[in-house]
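Below is one structure, written out as structure tokens, with a few remarks after it.
The analysis underlying the following values was restricted to heavy atoms, covering all of them including side chains, and did not include hydrogens, waters or symmetry mates. Just so we're on the same page: letters track the sequence lines, and every chain starts at 1.
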Protein chains: 2
Amino acid sequence: MPLPRFEKLDEARKHSILDAAAQEIAEHGFDGASYNRVIERAGISKGAMYYYFADKDDLFQTVVEGCLAQWLGEIGFPFEADDAKAFWAACHTMYERSLRFMLRDPRNAALTFDIARATGPSAKHPIVQAHHDRLRAFVDALAEQGRGVEAVRTDLPRDLLVETLLSLLETGDRWLADRWDDAMDDEDVTATATLIVGLLKRVAAPDGESSR
Amino acid sequence: MPLPRFEKLDEARKHSILDAAAQEIAEHGFDGASYNRVIERAGISKGAMYYYFADKDDLFQTVVEGCLAQWLGEIGFPFEADDAKAFWAACHTMYERSLRFMLRDPRNAALTFDIARATGPSAKHPIVQAHHDRLRAFVDALAEQGRGVEAVRTDLPRDLLVETLLSLLETGDRWLADRWDDAMDDEDVTATATLIVGLLKRVAAPDGESSR
DNA sequence: CTGGGTTCGACCGGGTGGTCTAAGAATAGG
DNA sequence: CCTATTCTTAGACCACCCGGTCGAACCCAG
């Protein structure tokens, strides 16, 4: 976490620093992100940056955790669902909220998934690991709730299901990010959510209940 | 491609260089891979390396293309399939071959997918792009063949289906790589293939035909 | 002995994360 | 109002690593 001094800064300044970092990570990936470039972007001096953050990891951890927390706050989990139908409807709503968040704040939303699916060297980085664990725990809890109302199959290794769902979510996001024309209306969002949640359902629903 | 001199080297030497490079990429990712470390690993001098390869990209492109070519050669595509059942059976066989290749030569097989799913900066790299395009073309051709025998749905945007299948394949591979105890017998391979191809089927098969 | 294919490693410019000193800004006390 | 002390900023500097260059040395055939 940042040194206590950082909290005393005015909001605008804090935000501009964290935003510069988020932008850097979004552009160059977690591994490729350069502390020097963040400093340049934020328009402050090296001395100042090290006055507020202990080191590179300190800053990046703050950014990554902030993004994830915001995303989790946006989508509205946990929710109540008494049967399978209600469960999947709630999933649909959650995915819509996630999409809207992504359209509103592409950088933050994309970061959440980009970091989660990191491979190679960055995958071993503690910050990335922690992020991955938290996101996986969320999907796991979601699947568990689904199992409770027989909306989610139980015949698949639990971790395989979780990994699959995560990768599906991420693929949907990325597919969307690649071809949205930033003029998506409510109808488009709903349609896309139906598409992606439909895929999730096919994978996760018990046998014979995959059709809609 | 390597300078012509490289081809004149004895097989052992060639292999040891390419292998050192593959190992480096596998360990540090495409972006994180260091030419200097490859040189060190291969146990030759910098001068020698630059005598055989024009530059870093030249070497890495050679390695990546080699891996993909080997993988495509292993799995046995294209194949013949007159109906949906035969199509999915063939997919199962292909996936089994892919698994066996992966168990036999984990580095090469993993590379193929690791590079394909690269995000961030490396995703823009021409070598990675070319790799991604080739792999996507393969999945696309596969899906097209499936559509021809009504084994694959047509109600999904084509590119979304391709991306989804790719990410599913990759997730399966990674899931497997994480927890295999390198003492997998034929039975395990078949069971795993059934599991993963089952997921592919759920996603890709037309409505009402996802059950087995 | 010569000459060309091959190998070696010192060296280059540039970028990295991180340190540190010294000057500037602000705040306190008299 | 002036000074003394603390908080904050600035950027030169460090060691290290990167990919790439290059001239000298080596080896072996002619």
Side-chain angles (χ1 to χ4, degrees), chain A residues 1-18 20-25 27-64 120-122 124-128, chain B residues 1-18 20-25 27-64 120-122 124-128:
Chain A
M1 49 193 139
L3 301 178
R5 302 154 180 151
F6 180 71
E7 304 301 337
K8 293 185 192 163
L9 255 51
D10 50 303
E11 286 304 318
R13 194 100 182 275
K14 280 200 282 189
H15 187 268
S16 89
I17 292 177
L18 294 179
Q23 196 170 336
E24 172 70 16
I25 298 179
E27 271 180 32
H28 297 90
F30 188 84
D31 275 330
S34 152
Y35 203 45
N36 288 333
R37 275 196 300 255
V38 173
I39 288 168
E40 204 176 350
R41 273 182 142 107
I44 65 178
S45 74
K46 206 158 204 176
M49 193 62 123
Y50 275 94
Y51 185 69
Y52 293 115
F53 292 92
D55 53 22
K56 187 187 178 184
D57 279 1
D58 189 12
L59 169 65
F60 283 8
Q61 181 172 358
T62 304
V63 170
V64 169
S122 55
K124 294 173 202 153
H125 196 294
I127 295 178
V128 175
Chain B
M1 51 192 141
L3 301 177
R5 303 156 181 146
F6 180 70
E7 304 302 338
K8 292 185 193 164
L9 255 53
D10 49 302
E11 285 305 316
R13 193 100 182 272
K14 281 200 280 188
H15 187 269
S16 90
I17 292 177
L18 294 179
Q23 198 170 335
E24 171 70 15
I25 298 180
E27 269 179 34
H28 297 89
F30 189 84
D31 275 329
S34 152
Y35 203 45
N36 287 332
R37 276 197 299 255
V38 172
I39 288 169
E40 202 176 352
R41 255 192 234 267
I44 64 177
S45 74
K46 207 159 205 176
M49 193 62 120
Y50 277 94
Y51 186 70
Y52 293 114
F53 293 91
D55 52 24
K56 188 188 178 184
D57 279 1
D58 188 14
L59 169 65
F60 283 8
Q61 180 171 0
T62 304
V63 171
V64 170
S122 55
K124 296 174 202 151
H125 197 293
I127 294 176
V128 175

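- In this structure, B:K8 NZ and B:L3 CG are separated by 11.0 Å, a value rounded to the nearest 0.5 Å.
- In this structure, A:F53 atom CZ and D:dT8 atom P are separated by 14 Å, rounded to whole Å.
- Taking 4.0 angstrom as the limit, A:S45 places none of its side-chain polar atoms (N or O) nearer than this to OP1 or OP2 of D:dT9.
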Taking only nitrogen or oxygen atoms into account, show me every contact under 3.5 Å that the protein makes with nucleotides 17-23 of chain C, one pair per line with its distance.
{"from": "C:dG17", "atom 1": "OP1", "to": "A:Y35", "atom 2": "N", "distance (Å)": "2.9"}
{"from": "C:dG17", "atom 1": "OP1", "to": "A:K56", "atom 2": "NZ", "distance (Å)": "3.0"}
{"from": "C:dG17", "atom 1": "OP2", "to": "A:S34", "atom 2": "OG", "distance (Å)": "3.3"}
{"from": "C:dG17", "atom 1": "OP2", "to": "A:Y35", "atom 2": "N", "distance (Å)": "3.0"}
{"from": "C:dG17", "atom 1": "OP2", "to": "A:N36", "atom 2": "N", "distance (Å)": "3.1"}
{"from": "C:dG17", "atom 1": "N7", "to": "A:N36", "atom 2": "ND2", "distance (Å)": "3.4"}
{"from": "C:dG18", "atom 1": "OP2", "to": "A:Y50", "atom 2": "OH", "distance (Å)": "3.1"}
{"from": "C:dG18", "atom 1": "OP2", "to": "A:K56", "atom 2": "N", "distance (Å)": "3.0"}
{"from": "C:dG18", "atom 1": "O5'", "to": "A:Y50", "atom 2": "OH", "distance (Å)": "3.4"}
{"from": "C:dG18", "atom 1": "N7", "to": "A:K46", "atom 2": "NZ", "distance (Å)": "3.0"}
{"from": "C:dG18", "atom 1": "O6", "to": "A:K46", "atom 2": "NZ", "distance (Å)": "2.5"}

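- B:D58 places no side-chain N or O within 3.5 Å of a backbone atom of B:F53 that could act as its donor or acceptor partner.
- Counting to the nearest Å, the C1' atom of D:dC18 and the CD1 atom of B:I39 are 11 Å from each other.
- Residues A:R13 and A:I44 have side chains in contact (heavy-atom distance under 4.5 Å, counting atoms from C-beta outward).
- Between atom OG of residue B:S16 and atom CZ of residue B:R41 there is a gap of 12.5 Å, rounded to the nearest 0.5 Å.
- The distance from atom CG of A:D10 to atom C1' of D:dT8 is 14 Å, rounded to the nearest whole Å.
- Contact of the A:I17 side chain with the A:M49 side chain is registered, since non-hydrogen atoms from C-beta on lie closer than 4.5 Å.
- Between atom OH of residue A:Y52 and atom OG1 of residue A:T62 there is a gap of 14.5 Å, rounded to the nearest 0.5 Å.
- The CE atom of A:M49 sits 16 Å away from the P atom of D:dT8 (whole-angstrom rounding).
- For the pair B:F30 CZ and D:dG19 C1', the computed distance is 14 Å after rounding to whole Å.
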Please enumerate all protein N or O atoms sitting under 3.5 Å from an N or O of nucleotides 3-6 of chain C, with distances to 0.1 Å.
{"from": "C:dT6", "atom 1": "OP2", "to": "B:Y51", "atom 2": "OH", "distance (Å)": "2.6"}
{"from": "C:dT6", "atom 1": "O5'", "to": "B:Y51", "atom 2": "OH", "distance (Å)": "3.4"}

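- With rounding to the nearest 0.5 Å, the separation of CZ in A:R37 from CD in A:Q23 is 11.5 Å.
- Rounding to whole angstrom units, CD of residue A:E40 and C1' of D:dA10 are separated by 15 Å.
- We find the CG-CD1 distance between B:L59 and B:I25 to be 7.0 Å, quoted to the nearest 0.5 Å.
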